[in-house]
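Notes follow once the structure below has been shown.
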Amino acid sequence: VLGIDHGDLRSACIVANALPDRERVAFHQLLVQGRTLDDFTRLRNVSRSEARRVFQSAVKTIGRARAWAGQEERASMEQA
């Protein structure tokens, strides 16, 4: 789902749900629902640069969570 394997999906969902409202809504509408940037800016009454900024911030945050989850998984495998 969205390039996230099932092992990381739970962590990604937790992080996505904890995002600030603007970032969470941008992520959901642009990536999950597939709205265009123009649709999003019109619906949310924000500039294109602001929409792009909050979306990119959300993607970076979720990406960091995926990386962290991967590190945690590798560490637990090494301990086993």
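For the residue pair Thr36 and Leu30, the shortest heavy atom distance occurs at O-CD2, 3.6 Å. Here the closest non-hydrogen pair linking Phe27 and Phe55 is CA-CD1, 3.9 Å.
Atom CD1 of Ile14 and atom CG of Leu19 lie 12.5 Å apart (nearest 0.5 Å). For the atom pair CD of Glu23 and CD1 of Ile62, the computed distance is 9.0 Å after rounding to the nearest 0.5 Å. Between the CG atom in Asp39 and the CD atom in Gln33 there is a gap of 10.5 Å [rounded to 0.5 Å]. Note that CG of Leu43 is 5.0 Å distant from CZ of Arg35, once rounded to the nearest 0.5 Å.
Contact of the Val25 side chain with the His28 side chain is not registered, since no non-hydrogen atoms from C-beta on lie closer than 4.5 Å.
The backbone N or O of Arg53 lies less than 3.5 Å from no partner atom in the side chain of Ser57, so there is not a single donor-acceptor pair. Arg24 places no side-chain N or O within donor-acceptor distance of the main-chain N or O of Ala16, the cut-off being under 3.5 Å.
Residues Phe40 and Val32 fall within the same hydrophobic cluster, defined by Ile, Leu, Val, Met, Phe, Trp and Tyr side chains chained together at heavy-atom separations under 4.5 Å.
Between Arg22 and Glu50 there is a salt bridge, with a side-chain nitrogen of the basic residue lying less than 4.0 Å from a carboxylate oxygen of the acidic one.
Atom CG of Asn45 is surrounded by 12 or fewer heavy atoms from other residues, nucleotides or ligands within 6.0 Å.
Residues Thr41 and Asp38 bring no donor and acceptor atom of their side chains to less than 3.5 Å of each other.
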